[in-house]
Amino acid sequence: MGSEWASTKVLSRSTNFGVPMRLSRYFLPVLRDVPKEAEIVSHRLMLRAGMIRQQASGLYSWLPMGYKVLMKVQKIIEEEQNRSGAIELLMPTIQSADLWRESGRYDAYGKEMLRIEDRHEREFLYGPTNEEMITDIFRTYVKSYKDLPLNLYHIQWKFRDEVRPRFGTMRSREFLMKDAYSFDLDKDRAVAAYERMFVAYLRTYARMGLTAIPMRADTGPIGGDLSHEWIILADTGESQVFCHRDLLDKTIPGQDTDFRGDLKPIFNDWTSLYAATEDMVDHAEFEASVPEDKRVSARGIEVGHIFYFGTKYSEPMKASVTGNDGKETIVHMGSYGIGLTRVVPAIIEASHDENGIIWPVSVAPFEAVLINLKAGDADTDAACDKLYAELTAAGLDMLYDDRDQPAGSKFATADLVGIPYQIILGPRGLKSGEVEIKHRKTGERETLPLANAVERLKGLIEPQRMNDI
RNA sequence: CGGAGUAUAGCGCAGCCUGGUAGCGCACCUGCUUCGGGAGCAGGGGGUCGAGUGUUCGAAUCACUCUACUCCGACCA
């Protein structure tokens, strides 16, 4: 039973299980014209590359190409959350209003919360976040300090009725978020939990090909006194950020990091360099602590936010455990969010050119596309079919452009949707026994013997999967 | 929530001022020719012109009401 579920999950999340991904039979509605509503580059490219379709203001369908990227992002997040010791579960999208009355947020939250009634006129809401519900689960089952620390997370759709949704899925009303919640006996241990998540975040964004910088942040309505926003630099960012240049190329903690050990040195190392958003920046401090040639002032996009908020929810909701002294203690909590549906456009903002998206291999919808330059020609078809089978057998996540289209159209599609490598085979190359590999990122092309193509492509792609950084 | 706009085929647009057979490009279908950077020719299909009410012999076009969507600002993963 367990293995059955596990394999289902894998099937739906990444590989194609040998099923040929022929573009002629796939669902990839690319657009040549830019829909007029799309203002920023990631939104335009996501629409043009057939990744999303808007269904109403702030509500999007994820089409196959987009969904595949979203699931690859999800898989990386899950792997790094799990590595850090967090445990995945799944809570519903709809929550009872009563739960939110306990914390006092039912009245406090305002119109951003979508409130709904069922047929019995009971009050519900579409969850904008899950502190209340996870606290309810925790208090029901966890009674002893021996069960701490505990960090539970889920990846679920949220809804916040934003006044003004915009920028495609960057600021949508319905969005997919990973939210983790830590429970600890006291503040020191809660801070250690915060540091574990901090390191997990460093690794998570790096694996997605993003340089995300943790910046001290305002705790806002969630409350608490320790908080970082994770910001990637992009010209289209919504806020101005200020940081030390060395943060941009610091070494990421490796996979051998001991999450059961003391991570404070790593945390201190990263937070000792100045980094703050415009809401929090102290210009005098920025200039005093960062040498002039190391000062970065740029636009940034928030792709995550972590908080320590103490007993803000555990207190009113009575989430406590019995300590080894026999006394009941209110637990200290933190929450840790990553907006998956925002990360995807953020990656595009950070990585594109005038021809389209440039996906990092680790989140690319396909790692490479085989372009058959003369679909319908018997010899070329046979050679491409064979090569495609070999590439797939080598474990590469391949798309096969077998459409009967002019070459230029295929190149344009491949560039637009941003597949990292194009492997190009036509009658001309076939005659001389050669194929061409185009690197999407650099534009570089290399011609090599057909027989070497699989090994070469594997050699290019495998190190970039970032599975083992 | 304040301000400004837009709504005509899947997408991008013209037509509206001055009321009279609903058009163009891309996409789609058929055929032929092409095939290394978004092909060419020929033929074809697709529309309650956002909704409602009014004015008129006649409304995509004029008037009023409504709805949806977008942009700028304040707010947010």
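Worth saying up front: this structure is predicted, and the values here are computed from it rather than measured.
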*Can you tell me the Watson-Crick or wobble partner of C66(B), both distances under 3.5 angstrom?*
G50(B)
Dump the pairs, protein N or O against N or O of nucleotides 41-47 of chain B, anything under 3.5 Å, distances to one decimal.
none

*Take the protein atom CG of D404(A) and the nucleotide atom P of U30(B), then report the distance between them rounded to whole Å.*
12 Å
_Pick the closest RNA chain B nucleotide for R428(A) and for M170(A) by heavy atoms, then say which residue is nearer the 5' end._
R428(A)
*According to the Watson-Crick and G-U wobble definitions, with both distances under 3.5 Å, which nucleotide is paired to A60(B)?*
none
*Among C72(B), A77(B), C1(B), find the nucleotide with the atom closest to the side chain of V163(A).*
C1(B)
*Can a side chain N or O of R166(A) be found less than 4.0 Å away from OP1 or OP2 on C72(B)?*
yes
*Is the ring centre of W157(A) less than 6.0 Å from the ring centre of F175(A)?*
no
*Base paired to U55(B) (Watson-Crick or G-U; both N/O distances under 3.5 angstrom)*: none
*Using a distance-only test with no angle check, is there a side-chain donor-acceptor pair under 3.5 angstrom linking Q464(A) and Y421(A)?*
yes
_Quick check on RNA chain B: between S57(A) and E302(A), whose nearest nucleotide comes earlier from the 5' end?_
S57(A)
*What's the CD1-P distance between I40(A) and U70(B), to the nearest Å?*
13 Å
*Verify stack between F175(A) ring and A77(B) base, 5.5 Å, 30 degrees*: yes
_When both hydrogen-bonding distances must be under 3.5 Å and the geometry is Watson-Crick or G-U wobble, what is A42(B) paired with, if anything?_
U30(B)
*Could you measure between the two P atoms, the one in G15(B) and the one in G23(B), and give it in whole Å?*
16 Å
*Give the nucleotide from the list C71(B), C76(B), G36(B) with an atom nearest to the side chain of R160(A).*
C76(B)
*Should G36(B) form a Watson-Crick or G-U wobble pair with both distances under 3.5 Å, which nucleotide is its partner?*
none
*Rounded distance in Å between the P positions of G54(B) and C41(B)*: 49 Å
*Check if the side chain of E436(A) and the base of G36(B) share a donor-acceptor pair of N or O atoms closer than 3.5 Å.*
yes
What protein N or O atoms touch nucleotides 8-11 of chain B N or O atoms at under 3.5 angstrom, if any, and at what distances?
residue : atom : partner : partner atom : Å
C11(B)  : O2   : D33(A)  : OD2          : 3.1

*Classify the ring geometry between H228(A) and F267(A) as parallel (under 30°), tilted (30 to 60°) or perpendicular (over 60°).*
perpendicular
*Expressed as a whole number of Å, how far does the C1' atom of C49(B) sit from that of A14(B)?*
13 Å
*So does Q54(A) get a side-chain nitrogen or oxygen closer than 4.0 Å to the phosphate oxygens (OP1/OP2) of U70(B)?*
yes
*asked:* Between C13(B) and C71(B), how far apart are the two P atoms, rounded to whole Å?
replied: 14 Å
*Mind checking what makes side chain to side chain contact (heavy atoms under 4.5 Å, CB included) contact with E278(A), not counting sequence neighbours?*
S239(A), Q240(A), F242(A)
*So, H305(A) versus Y336(A): side-chain donor-acceptor pair below 3.5 Å or not?*
no
*Given C1(B), is OP1 or OP2 found less than 4.0 Å from the side-chain N or O atoms of K111(A)?*
yes
_What's the gap between U6(B) and C66(B) when it is taken at their C1' atoms, as a whole Å value?_
16 Å
*In whole angstroms, how far is the C1' atom of A77(B) from the CE atom of M177(A)?*
6 Å
*Spell out yes or no: do the side chain of R48(A) and the base of G38(B) have one donor N/O and one acceptor N/O closer than 3.5 Å?*
yes
*Looking only at side chains, do N467(A) and E79(A) share a donor and an acceptor under 3.5 Å apart?*
no
*asked:* Rounding to an integer number of Å, can you tell me how far D401(A) CG sits from G38(B) P?
replied: 15 Å
*Side chain of P406(A): nearest nucleotide among C71(B), A39(B), A77(B)?*
A39(B)
*Just checking, is any N or O donor in the side chain of Y400(A) or D385(A) under 3.5 Å from an acceptor N or O on the other one?*
yes
_Could you tell me the Watson-Crick or G-U partner of G2(B), where both distances fall under 3.5 Å? Say none if there is no partner._
C72(B)
*Give me the ring orientation class for Y26(A) and F366(A): parallel if the planes are under 30° apart, tilted from 30 to 60°, perpendicular past 60°.*
perpendicular
*Verify the ring-centre separation between Y201(A) and W270(A): is it less than 6.0 angstrom?*
no
*Value in whole Å for how far the P atom of C26(B) lies from CD of Q405(A)*: 14 Å
_Counting only side-chain nitrogens and oxygens, does T413(A) get under 4.0 Å of the OP1 or OP2 atom of G38(B)?_
no
*Is R115(A) close enough and on-axis enough to Y106(A), meaning under 6.0 Å and within 45°, for cation-pi?*
yes
*Can E80(A) and R83(A) be counted as an ion pair, charged N to O under 4.0 angstrom?*
yes
*Would you mind pulling out the nucleotide paired to C17(B), Watson-Crick or G-U wobble, both distances under 3.5 Å?*
none
*Using atom C1' of each nucleotide, how far apart are A63(B) and C16(B) to the nearest Å?*
14 Å
*What's the CD-C1' distance between E39(A) and C72(B), to the nearest Å?*
10 Å
_Q156(A) CD - A77(B) C1' separation (whole Å)_ = 15 Å
*C1'-based separation of C24(B) from A9(B) [nearest Å]*: 12 Å
*A412(A) side-chain proximity, nearest of G36(B), G38(B), A77(B)*: G38(B)
_Please tell me whether D381(A) and N372(A) have a donor and an acceptor in their side chains that are separated by less than 3.5 angstrom._
yes
*Find the distance F167(A):CZ to A77(B):P and express it as a whole number of Å.*
15 Å
*P spacing across the pair A22(B) / A4(B), given as an integer number of angstrom*: 36 Å
*Paired with G25(B) by Watson-Crick or G-U wobble geometry, both distances under 3.5 Å: which nucleotide is it?*
C11(B)
*asked:* Can you see whether E131(A) engages S103(A) through a side-chain donor-acceptor pair at a distance of less than 3.5 angstrom?
replied: no
